[in-house]
Amino acid sequence: MVHLATTLIHSDDKNNRVTDVAPPINVSSTFRYDNNNLIPANEVDDFLASIEQSPVYSRESHPNSSRVQSILSDLLGGHAVIYNSGCSAFHAVMCHYNPKRFFMDGGYFGVHAIADLITRNYGLEQHSLDEIEEFAQPGDLVHLESPLNPFGTASDIKALADRVHSKGAILSIDSTLAPPPLQNVWNFGADIVLHSATKYFGGHSDLLAGVLAVKTKEQANELIEDRIHLGTNIGNLESYLLLRSLRTYEMRIMKQSDNATKIVKYLHNHKESLKGSLKEIFHTSLQNESFINKQLSGGHGAVFSIILNSINQCKKLPLHLKYFQHATSLGGIESLIEWRAMSDDKIDQCLIRVSVGCENVEDLIKDLENALLTVAKQS
Ligand SMILES: *Cc1c(COP(=O)(O)O)cnc(C)c1O
């Protein structure tokens, strides 16, 4: 087996079209036909293979979207289909598998918003996960985010997969918060894997993309055909940025995972001295359930959350941080915090989400500790 670090740099060698070592940025929306070898569409027997070889129009495919799919297929251990956002990837699941019933608890608000659009337009029935036994039928979709945004806590995927499959339903897992090699969701019964590539795969807070991985080439091809019609392929420039980002992905995610786990450990061990502001910490490294180490066999995710004692402390915390920037999103090389009340109207008003980047962990700990001690002086 080829190791991840090598995969990230060489999986797309097979897509080379020119002698450039760094693949060119292709901004063209359309590509010249080969006038010496014109094969009409009704004589092409594998259309998708042919547009990977010779792109025609960039809504269908373009050189760097094919490259990122090559890398992500190997990285995710499945057949990857790339989209222009994580939300587009989720919409693609709903559009293609067309479930009559949809089961989900918590998680990304944009995913719920898409389900609500489908309920509005076509009457999709929505249920919580504890209603699977009562209502799920073959072809229905169960969607789980683990680790769960914004908390950074995990639930038992294998236990859920058994319940879902005993009903003949389909399980999609949003693994954005613990991408491989931290967590390999295929081992726990996922049928479809979703990642917002905007987060760790992009990793530099400068692009939007999403990816689905499925188990067979046939399924991936059906999704690509849908994607061509829906117009949700990744943009040309973004595909180049993502390609460049993926080269260093393993180094980044391992550093971020390590940093986050050390910061959480420090905060947990210093809860007493920080109790003037810090009330609670959520992260998989603090969960005791036996599935945690099996599920996150490669390490913990780099997002965790904390609850402070007051709304006022949450408002003041960003003012006293040097390195953690106050912004939404996660997964980038720069550490971010977000007072979640800014973007989520239903969340605990005292919750702060932390996305840990690639800075030096001691600098990050000092920064966070100093800010927590400073706001502790406020009520
Ligand atoms: C960001 C995110 C999404 C949506 O992805 P976009 O690329 O912003 O469309 C979905 N799920 C999770 C867990 C996310 O963090």
Side-chain angles (χ1 to χ4, degrees), residues 86-87 105-113 144-155 174-179 182-183 195-196 198-200 202-205 208 252-253 256-268 271 274 277-287 296 299-359 361 364-365 367-369 371-372 375:
C87 283
D105 284 351
Y108 198 71
F109 65 93
V111 162
H112 286 285
L144 178 78
E145 213 179 278
S146 188
L148 184 69
N149 184 46
F151 300 99
T153 51
S155 58
D174 183 335
S175 190
T176 300
L177 265 62
L182 305 184
Q183 167 171 279
H195 287 267
S196 167
T198 309
K199 312 297 166 54
Y200 293 99
H204 295 72
S205 308
L208 284 179
R252 289 186 280 108
I253 191 71
Q256 286 171 278
S257 166
D258 191 50
N259 277 358
T261 308
K262 284 179 175 149
I263 295 169
V264 168
K265 188 170 178 200
Y266 185 91
L267 295 179
H268 183 70
K271 264 187 115 172
L274 295 171
S277 54
L278 180 63
K279 190 165 149 195
E280 244 182 297
I281 316 168
F282 298 104
H283 190 233
T284 52
S285 64
L286 300 177
Q287 282 181 266
L296 290 150
H300 296 282
V303 167
F304 69 92
S305 62
I306 53 181
I307 307 258
L308 302 192
N309 290 333
S310 71
I311 292 178
N312 195 36
Q313 290 178 340
C314 290
K315 280 188 181 169
K316 294 287 185 284
L317 189 76
L319 293 170
H320 301 288
L321 287 162
K322 237 180 1 194
Y323 302 128
F324 289 85
Q325 302 175 68
H326 192 197
T328 197
S329 198
L330 57 97
I333 41 138
E334 59 286 304
S335 292
L336 301 179
I337 55 148
E338 183 182 23
W339 178 35
R340 274 306 268 185
M342 290 296 293
S343 65
D344 186 337
D345 57 3
K346 292 184 188 72
I347 200 74
D348 185 326
Q349 292 288 300
C350 291
L351 187 125
I352 305 263
R353 183 178 72 184
V354 186
S355 167
V356 180
C358 291
E359 300 93 336
V361 71
L364 292 179
I365 288 173
D367 194 29
L368 204 51
E369 182 176 42
L372 286 167
V375 300

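Everything numeric here is computed off the predicted structure, so don't read it as measured data.
- Legend: residues meeting side chain to side chain donor-acceptor pair (under 3.5 Å) with Ser355, ordered by chain and number and at least two apart, are absent.
- Remark: Ser257 pairs with no residue by the side chain to side chain donor-acceptor pair (under 3.5 Å) rule, at least two apart or across chains.
- For Lys315, the side-chain contact (heavy atoms from CB on, under 4.5 Å) test picks out Ile311, Trp339, with sequence neighbours left out.
- For the atom pair CE (Met342) and CD1 (Ile347), the distance works out to 14.5 Å, reported to the nearest 0.5 Å.
- Residue pairs satisfying the side-chain hydrogen bond (donor to acceptor under 3.5 Å, both in side chains) criterion with at least one member in residues 319-330, sequence neighbours excluded, are listed as follows: Thr328-Glu338.
- One finds the CG atom of Leu308 at 5.0 Å from the CD1 atom of Ile352 (value rounded to the nearest 0.5 Å).
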* Asked: Going through the checks in order, is the side chain to side chain contact (heavy atoms under 4.5 Å, CB included) test met by Phe324 and Val354?
  -> CA-CA 8 Å; Phe324 289 85; Val354 186; 3.6 Å; yes
* Tell me, with the steps shown, if Tyr200 and Val303 meet side chain to side chain contact (heavy atoms under 4.5 Å, CB included). => CA-CA 11 Å; Tyr200 293 99; Val303 167; 3.4 Å; yes
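- Separating the CG atom in Leu372 from the CG atom in Asp367 is a distance of 9.5 Å, to the nearest 0.5 Å.
- Between the CD1 atom of Ile306 and the CD1 atom of Ile281 there is a distance of 7.5 Å, given to the nearest 0.5 Å.
- From Ile263, atom CD1 reaches atom CD of Glu369 across 11.5 Å, with rounding to the nearest 0.5 Å.
- In this structure Asn309 satisfies the side-chain contact (heavy atoms from CB on, under 4.5 Å) test together with Lys279, Gln313, sequence neighbours excluded.
- Counting heavy atoms from C-beta outward, Leu330 and Leu336 have side chains that stay 4.5 Å or more apart.
- Between Leu144 and Ser155 there is a side-chain heavy-atom pair separated by less than 4.5 Å.
- Inter-residue side-chain proximity for Phe151 and Leu351 is flagged as met; some heavy-atom pair is nearer than 4.5 Å.
- Listed by chain and number, the residues in a ring pair (Phe, Tyr, Trp, His ring centres under 6.0 Å) with Tyr266 are His270 (sequence neighbours excluded).
- By the side chain to side chain donor-acceptor pair (under 3.5 Å) test, Ser305 is found to be paired with no residue, residues two or more places apart in sequence or in another chain being considered.
- Of the possible polar contacts, one joining the Thr176 side chain to the Ser196 backbone as a donor-acceptor pair under 3.5 Å is found.
- A search for salt bridge (Lys or Arg N to Asp or Glu O under 4.0 Å) contacts involving Lys262 returns Asp258, not counting sequence neighbours.
- In this structure Glu145 satisfies the side-chain contact (heavy atoms from CB on, under 4.5 Å) test together with Met104, Tyr108, Leu148, Asn149, Asp174, sequence neighbours excluded.
- Partners of Ser285 according to the side-chain contact (heavy atoms from CB on, under 4.5 Å) rule, which considers only residues two or more places apart in sequence or in another chain, are Thr261, Val264, His283, His300.
- One finds the OG atom of Ser277 at 7.5 Å from the CG atom of Leu317 (value rounded to the nearest 0.5 Å).
- Side-chain contact between His204 and Arg252: present, with at least one pair of heavy atoms (C-beta onward) separated by less than 4.5 Å.
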